[in-house]
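Below is one structure, written out as structure tokens; the observations come after it.
Residue numbers run from 1 in the order of the sequence given.
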Amino acid sequence: MKYLAFIIGLVFLTPGHAGADLLQRTEVASFISEMVSEYGYDAEELNDVLGRVELSEKVIAAITRPAEAFPWHRYRSIFIKPGRIRGGAEFWRRNQAQLERAAEKYGVPVEILVAVIGVETKYGRITGGFKVINSLSTLAFDYPKRSRFFTSELKHFLLLAREQSLDPHTLAGSYAGAMGIPQFMPSSYRAYAVDFDDDGLTDIWDNPADAIGSVGNYLEEHGWRKDAGITSPATVPDSDISALLTDGLEPKLTMADMAEGGVAAGEEVDAAENVKLLQLENKDGYEYWLALHNFYVITRYNHSALYAMAVYQLAEAIRAQYQTGT
């Protein structure tokens, strides 16, 4: 793998605390002890790895203002652009054989595979300039709100580095520690990444085939239903619909429940199917959609309805662009 490509142009972050200071913290000592006792790590080696970590205020700042906090009209404008649509059609043509094979194997449409990669990294062009070890350590030890999650991801990252014989200080990714063309977190890499071209390496960093197969495998493993719908535009009544706007992302009410409340689908949806009513904010009001099971599956990749809608709409636009041959 050409991991040195990560280092080109890598922007090192302003440190919040030096690694030597990090090693004096009790929670870090406990982390090292756990890695030694549970996974057979050498304590001296881990002290060296974590002793070179730079905790970053920029990582904390980035995670506290994610794009998913934007209103829909602003979020959409980031991803549904002519250049990204054309790029998706080009990516489809360059990788057609592997995309079609993945669609057949995992049941996920080609345009969804392409759109996930398009939203995540602009087809592998923007994979992140943060050292993964710095990002995960910062969020594990200096971001109490999600410390448990990122401590687990740090463990997976160190295990991944050992399994792949990599220096953990050489890999770059997003501010949250997501890596490669499909932006997999370390736990996702270890669970779902695949060697899709059977070359003996599972390379989501430089190999589009492995990235494509890994996205397909991830979505299938999270319950993707082949040939099933994803979402439908909806119309809502003038009356109060707050009871139909359920918490969370999982579809919990049936289409029959929605119809009883005066909500109509723009496309045919079975009355018994579970759906979720989405209210997306535009500049001049709201638009409404009914999210189906496969929409929920996309949110397993990123737990945001805005993210899943961007993937869906980009996928539709890419397919149309691809079919025109331009």
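Between the N282 side chain and the D284 main chain, no donor and acceptor come within less than 3.5 Å of each other. A donor-acceptor contact shorter than 3.5 Å is absent between the side chain of N294 and the backbone of I230. The main-chain N or O of A209 is never found under 3.5 Å from a side-chain atom of D197 such that the two would form a donor-acceptor pair. Remark: side-chain polar atoms of N217 are not paired, donor with acceptor, to backbone N or O of G213 under 3.5 angstrom. Although no hydrogens or angles enter the test, the distance criterion places no donor-acceptor pair under 3.5 Å between the side chain of R319 and the main chain of I112. Under a 3.5 Å cut-off, the side chain of R84 and the backbone N or O of G118 do form a donor-acceptor pair. Put simply, the side chain of T299 never gets that close to the backbone of S304: no donor and acceptor are under 3.5 Å apart. Between the S135 side chain and the F130 main chain, no donor and acceptor come within less than 3.5 Å of each other. Not a single donor-acceptor pair under 3.5 Å links the side chain of N207 to the backbone N or O of A211. Checking side-chain atoms of H293 against main-chain N and O of G223 turns up a donor-acceptor pair under 3.5 Å.
Nearest approach of A140 to S147, heavy atoms of both residues: O-OG, 2.6 Å. For the residue pair V132 and G173, the shortest heavy atom distance occurs at CG2-N, 3.6 Å. Minimum interatomic distance between Y123 and V114 (heavy atoms only, all atoms of both residues): CE2-O, 3.5 Å. Scanning all heavy atoms of the two residues, the minimum distance from S232 to V269 falls at CB-CG2, 4.3 Å. Looking at every heavy atom in both residues, P109 comes nearest to W224 through CD-CZ2, 3.6 Å. The two residues A176 and L139 make their nearest non-hydrogen contact at CA-CD1, 3.9 Å.
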*asked:* Run K155 and E34 through salt bridge (charged side-chain N to carboxylate O under 4.0 Å, His left out) and show every step you take.
replied: CA-CA 10 Å; K155 290 178 183 177; E34 186 175 340; 2.3 Å; yes

*Check the pair I133, L154 against side chain to side chain contact (heavy atoms under 4.5 Å, CB included), reporting the backbone distance first and the verdict last.*
CA-CA 7 Å; I133 187 71; L154 180 58; 3.8 Å; yes

*Could you walk me through whether N274 and K252 pass side chain to side chain contact (heavy atoms under 4.5 Å, CB included), step by step?*
CA-CA 6 Å; N274 280 7; K252 295 178 180 178; 5.6 Å; no

*Worked check of side chain to side chain contact (heavy atoms under 4.5 Å, CB included) between T138 and Y143*: CA-CA 7 Å; T138 297; Y143 190 55; over 6 Å; no

*Could you check F141 against F31 for ring-ring contact (aromatic ring centres under 6.0 Å, His included), going step by step and ending with a plain yes or no?*
CA-CA 10 Å; F141 303 124; F31 176 84; 5.8 Å; yes

*asked:* Run R25 and D142 through salt bridge (charged side-chain N to carboxylate O under 4.0 Å, His left out) and show every step you take.
replied: CA-CA 11 Å; R25 294 166 60 167; D142 269 4; 2.9 Å; yes

*Any chance you could lay out the side chain to side chain contact (heavy atoms under 4.5 Å, CB included) test for L278 and L290, step after step, and finish with the verdict?*
CA-CA 6 Å; L278 303 176; L290 289 165; over 6 Å; no

_Residues W205, Y189; criterion ring-ring contact (aromatic ring centres under 6.0 Å, His included); working and verdict_ = CA-CA 11 Å; W205 290 271; Y189 178 95; 5.4 Å; yes

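The distance from atom CE of M309 to atom CD1 of I80, rounded to the nearest 0.5 Å, is 10.0 Å. In this structure, E153 CD and M185 CE are separated by 4.0 Å, a value rounded to the nearest 0.5 Å. Rounded to the nearest 0.5 Å, atoms CD (E260) and CG (L244) are 9.5 Å apart. Atoms OG1 and CZ, from T151 and R146 in turn, are 11.5 Å apart once rounded to the nearest 0.5 Å.
Heavy atoms from other residues, nucleotides or ligands lying under 6.0 Å from CD of E104 number 12 at most. Residue-environment remark: CD (E38) exceeds the threshold of 12 foreign heavy atoms within 6.0 Å. For D42, the CG atom sits in a packed shell: over 12 heavy atoms of surrounding residues, nucleotides or ligands are nearer than 6.0 Å.
Looking at Y75 and E68, their side chains do bring a donor and an acceptor atom within 3.5 Å of each other. Judged purely by distance below 3.5 Å, without hydrogens or angles, the side chains of E281 and Y286 never pair a donor atom with an acceptor atom. E287 and W289 share a donor-acceptor pair across their side chains, judged by distance under 3.5 Å alone. With hydrogens and angles left out, the side-chain atoms of T121 and Q183 include no donor and acceptor closer than 3.5 Å. When only modelled atom types and interatomic distance are considered, T254 and D257 share a side-chain donor-acceptor pair under 3.5 Å. With hydrogens and angles left out, the side-chain atoms of R86 and Q321 include no donor and acceptor closer than 3.5 Å. In summary, the side chains of S242 and D240 do present a donor paired with an acceptor at a separation below 3.5 Å, with no hydrogens or angles considered.
Between T246 and L277 the shortest side-chain heavy-atom distance does not fall below 4.5 Å. Side chains of K276 and E250 form no contact here, defined as non-hydrogen atoms less than 4.5 Å apart. Counting heavy atoms from C-beta outward, S56 and N134 have side chains that stay 4.5 Å or more apart. A 4.5 Å side-chain heavy-atom check between K131 and L171 finds every atom pair outside the cut-off. Using a 4.5 Å cut-off on side-chain heavy atoms (C-beta onward), F196 and S214 make no contact. Under the 4.5 Å side-chain criterion, counting only non-hydrogen atoms from C-beta, R52 is in contact with D48. Residues L158 and Y39 are not in side-chain contact: their nearest non-hydrogen atoms beyond the backbone lie 4.5 Å or more apart. Between W92 and E111, some side-chain heavy-atom pair lies under the 4.5 Å cut-off.
Taking the ring centre of Y41 as origin, the terminal cationic atom of R162 falls inside the region bounded by 6.0 Å and 45° from the ring axis. Remark: R74 is positioned above the aromatic ring of F70, its terminal NZ or CZ atom under 6.0 angstrom from the ring centre and at most 45 degrees off the axis. Taking the ring centre of Y296 as origin, the terminal cationic atom of R300 falls inside the region bounded by 6.0 Å and 45° from the ring axis.
By the criterion of side-chain heavy atoms lying less than 4.5 angstrom apart, applied directly or through intervening Ile, Leu, Val, Met, Phe, Trp or Tyr residues, I298 is not grouped with V275; the two fall into different hydrophobic clusters. Cluster annotation: I126 is not connected to L314 through the hydrophobic network of ILVMFWY side chains, with a link wherever side-chain heavy atoms come within less than 4.5 Å. Residues V119 and L249 do not share a hydrophobic cluster, clusters being chains of Ile/Leu/Val/Met/Phe/Trp/Tyr side chains in contact below 4.5 Å. The hydrophobic clustering, which links ILVMFWY residues whose side-chain heavy atoms are closer than 4.5 Å, places M258 and F295 apart. Each of L280 and Y288 belongs to its own hydrophobic cluster when Ile, Leu, Val, Met, Phe, Trp and Tyr are linked at side-chain heavy-atom distances under 4.5 angstrom.
In summary, of the residues considered (R94, Q98, E100, R93), a side-chain hydrogen bond (donor to acceptor under 3.5 Å, both in side chains) with Q96 occurs for E100 alone.
With respect to the salt-bridge test (charged N to carboxylate O, under 4.0 angstrom), the residues E220 and K226 do not qualify.
Checked against a 6.0 Å centroid threshold, the rings of Y218 and F184 count as neighbours.
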